[in-house]
Amino acid sequence: MDAITKNLTAAQAEAVTHIDGPLLIIAGPGSGKTRVVTHRVAHMLSQGVRPWQIAALTFTNKAAEEMRTRLDLLAPGQPVWMGTFHRFCAQQLRRYASYVGLAENYSIYDMSDSKSAMKRAIQAAGVSTSHATPEQIASAISNAKNRLITPEIMQQQSGRASDSVAARVYPVYQQQLLLANAVDFDDLLYHFACLLRENPEVRSELDAKLKYIMVDEYQDTNLAQYAIVRAMSVDHPNLAVTGDPDQSIYGWRGADLNNILDFEKDYPSVKTVRLEQNYRSTPNILAVADQLIRHNRRRKAKELYTENADGDNVILRQYEDGYQEADAIADEIAAQMIAGQAEPRDFAIFCRMNALTRSLEHALRNRGLPYQIINGVEFYQRKEVKDLLAYLHLINNPSHDVALQRVINTPTRSIGATTVGRLQAFADAERIPMLEAARRASEIDTMSKRAQTMLKSFVTLYDRLRKKATASLEDLLRFLVEETKYIEFLERTGVEKEDSNPIANVDELVSAAVEFDRMHPDDGSLEAFLEQVALVSDTDKFEDSGNRVTLMTLHAAKGLEFPRVFVIAVEDDLLPHYRSKQDDQQLEEERRLLFVGITRAQQWLQLSYAKRRSMRGDIRVVIPSMFLSELPRADMNVIESQTDRDFFDDGADESYPDSWDLVQEPSPPEQAEQEYKGDDTSVIPEIYRDPFVSKPKPKRTKPTITTALQTASDLLSSDRVPLGAYREGSVVRHPEYGDGTITEVTGRGPKRTAKIRFSEDQSEQTFRLAFAKLELLDTGGD
DNA sequence: TTGCTACCTGTCTTG
DNA sequence: CAGGTAGCAA
């Protein structure tokens, strides 16, 4: 026993000291899995294993970074390869690109890229979408790739109608991707797996080079990932996998639970270590989690236990509706913070769908509580960012047809759908990329002279940009924005943009480029930047640096832990999701999802549901999740909704939280905000500084006339006049219309509206008070 | 041929 | 509620 193993339990040490031969670590939640993995690497290094012989594969960049950080504490600066499956495959494919028909500068299509590529392929295949939507076709093809089914094999299998449609699109789609020198996410795994299968010399070379392979979250591997790992562990079967069948939540994207359940069959000489002691949660939380997961049939029995001290009971709480839920949770967070028990970073709020974070967001913002949302509208998905990235993609890879179609008329250059369609037809006929087709525009006889001229000038612009390809990213981006007059384009078209600030996003992208230049002084190529961008996910943006409440989906929560956790909307049709209720396996996966959520909590946990919830416009009566009835009441406090407000009595206004309505009575939430601000103001502005935090989105309700923004700073600024101060006779000033007098006030909450007669031209306009940029000059009353 | 508006439809989780 | 599409005006 050396220094590395001395602080470990017997089971942990057993796993850490096992170097050669297959190893299966069944690691329950909070069992110190990362600790074991990093100590194991450190131990291997101390025993003479060379760092470049080790590769650790994870599912998220976050997990890889965590591993890297913790290993650096034990064995600083060792070049052990750590990263996601997708990044690993992307790098290998750069080396072996020609083996699968790609060039080394191939592009990685993101979801929306592959979606448009799919649509084009469906068209080109001449397939009708009346029996299968493009999404269904895409999903069938994705499933095929995850199971390493080639287009030829898929065509031979006479499956369901949607499959046979997909089988016809599949080869066309792959053909077009190859022509565009591009891959989708599934291809990264698929191509590399096929490469290993068809090229024994490459396989054995990598097997020998990477003698020690580790896979994290092995329960989430699909067949392609399984095959990749398997292929690299034939001559040197020193494969160590960690996982927990109870935390498998990616079945819907091809993960095969059998990979871990049958690991012992695949590798007969395997050593299996079970880590069952939990170091994270209180016994109460663990008991609830354990009782829940016992209802699953397809699992390996596991005894979870902890020596941690008893904690608070788990709270199961009912609310009237989603808004009350949001307000009450925000109040609870504020209260726990004021009581000095906790700070924002201690809290996490989990939900099944991203859409559910909206009301929470609003409630937290109203109280000045700093928060971060892990998904939402992702920075790299925003239109202006995607536009500029598309230019970069096209500069890096002239065959990138999806990028070309995005930028060819952005900013508008009078190259419309018809022209693009003809260009595409010509490209398809000649089997050339569309940019190449544009160069030969004069050969396209169906095309008007005008369109040909426009295409020519686009190609000229492109060639000018392309000359800058080897400059620094910052220079390239600035040149690009300048040459395309992109800012002017945004200013011209973005007048009605009410959320987000597109120009600020452009600046943010430039900052990201500057940062990348700085971090990669040597290898800072355009290609590396684009790969980086393609392979970061929303989940990876989680940072513990800022002191903020975290909102995220249950899927994103895996692998993380928080002292205090709320799981919201534990309701039938949401959790379990209604599309999962038909199928037993899917239902069990939903149960595991809740299990993952519960086991993130260290000391305090609340599960909640509402009596009714408004979903996509209308309000529905809610049935609590069946999972709630499976939980042991001994470790829980069940709290039903106290207030019994009659929903229909109040009409539509009920659907807005009370805090909107500052007119009638000062609501408790506002008081909470005041108190909290007095207590500690330092945390509040922080959220608005961090460029990588999703910006608080203003409520989407469109103002009737005004284009004024309801910005977060408006909501937070203490000098904001309460809406109740606006009444008939008040004199106000509007930035555009000048001074005027309120002639009429109607509505409540966000709908509270004032009619204003402006003195300048005697015109009368109507404004929503919550949104209009009005300055109150005289209340006109007492 | 382009660009805008109004309607319609689907409906989740992600590298 | 939001993105995509169809239909219409310029």
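Throughout, a chain's letter reflects where its sequence line sits, starting with A, and its residues are numbered from 1. Bear in mind the structure is a predicted one, so any value in this text is a computation, not a measurement.
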Tell me whether the count of non-hydrogen atoms from other residues, nucleotides or ligands lying under 6.0 Å of NZ in Lys581(A) goes above 12. yes

Quick check on dG10(B): is either OP1 or OP2 less than 4.0 Å from any side-chain nitrogen or oxygen of Thr133(A)? no

Interatomic distance where CD belongs to Glu531(A) and C1' belongs to dG15(B) [whole Å]: 13 Å

For a quick test of reading the model: is some side-chain N or O of Arg450(A) closer than 4.0 Å to OP1 or OP2 of dT1(B)? no

Ring-on-base stacking between His577(A) and dC12(B), under 5.5 Å between centres and under 30° between planes: is it there? yes

Lys115(A) vs dG3(C): side-chain N/O to OP1/OP2 distance below 4.0 Å: no

Using atom CD of Gln136(A) as one end and atom P of dC12(B) as the other, report the distance to the nearest whole Å. 13 Å

Side-chain N or O of Asn409(A) closer than 4.0 Å to phosphate OP1/OP2 of dG3(B): yes

By the 4.0 Å heavy-atom rule, please label Ser414(A) as base, sugar-phosphate, or nothing. sugar-phosphate

Give Arg413(A) one of three labels, base, sugar-phosphate or nothing, depending on what nucleic acid heavy atoms sit under 4.0 Å from its own. nothing

Check whether any side-chain N or O of Arg358(A) sits under 4.0 Å from OP1 or OP2 of dC1(C), and answer yes or no. no

Given dG15(B), dT11(B), dT5(C), the nucleotide with the shortest approach to the side chain of Tyr578(A): dT11(B)

Test of ring centre spacing under 6.0 Å for Tyr486(A) and Phe489(A): yes

Taking the six-membered ring of Phe350(A) as reference, does the NZ or CZ atom of Arg600(A) fall below 6.0 Å from its centre and within a 45° cone about the axis? no

In whole angstrom, give the distance that lies between atom CG of Leu593(A) and atom C1' of dT14(B). 12 Å

Give a yes or no on whether the ring-centroid distance for Trp252(A) and His577(A) is below 6.0 angstrom. no

Could you please name the option among dG15(B), dT13(B), dT11(B) that lies closest to any side-chain atom of Arg579(A)? dT11(B)

Ring-on-base stacking between Trp252(A) and dT13(B), under 5.5 Å between centres and under 30° between planes: is it there? yes

Can a side chain N or O of Thr553(A) be found less than 4.0 Å away from OP1 or OP2 on dC12(B)? no

Side chain of Thr419(A) (C-beta onward), nearest among dT1(B), dC12(B), dG15(B): dT1(B)

Which part of the nucleic acid does Ile108(A) contact within heavy-atom distance under 4.0 Å: base, sugar-phosphate only, or nothing? nothing

Determine, for Phe595(A) and Arg592(A), whether the Lys NZ or Arg CZ falls below 6.0 Å from the six-membered ring centre while staying within 45 degrees of the axis. no

Can you check the Lys145(A) NZ to dT14(B) P distance for me, whole Å? 20 Å

Which sits closer to the 5' end of DNA chain B, Gly416(A) or Glu590(A), going by the nucleotide each is nearest to? Gly416(A)

Quick one: is Asn354(A) getting a side-chain N or O under 4.0 Å of the dT13(B) phosphate, OP1 or OP2? yes

Could you work out the separation of dG4(C) and dT13(B) based on their P atoms and round it to a whole Å? 15 Å

Over all strands shown, is Ala417(A) touching base, sugar-phosphate only, or nothing at heavy-atom distances under 4.0 angstrom? sugar-phosphate

Glu571(A) CD to dC12(B) P, straight-line distance once rounded to whole Å: 16 Å

Quick check on DNA chain B: between Ile415(A) and Ala355(A), whose nearest nucleotide comes earlier from the 5' end? Ile415(A)

Distance check needed: dG3(C) C1' versus Lys383(A) NZ, whole Å only. 15 Å

Whole-Å distance between dT1(B) P and Lys449(A) NZ? 14 Å

Is the distance between the ring centroids of Tyr96(A) and His191(A) less than 6.0 Å? no

Give the rounded distance in Å between these two atoms: CD of Gln532(A) and P of dG15(B). 14 Å

Ring centres under 6.0 angstrom apart (Tyr109(A), His400(A)): yes

Candidate nucleotides dT13(B), dG4(C), dG15(B), ranked by approach to the side chain of Lys119(A) - the nearest: dG4(C)

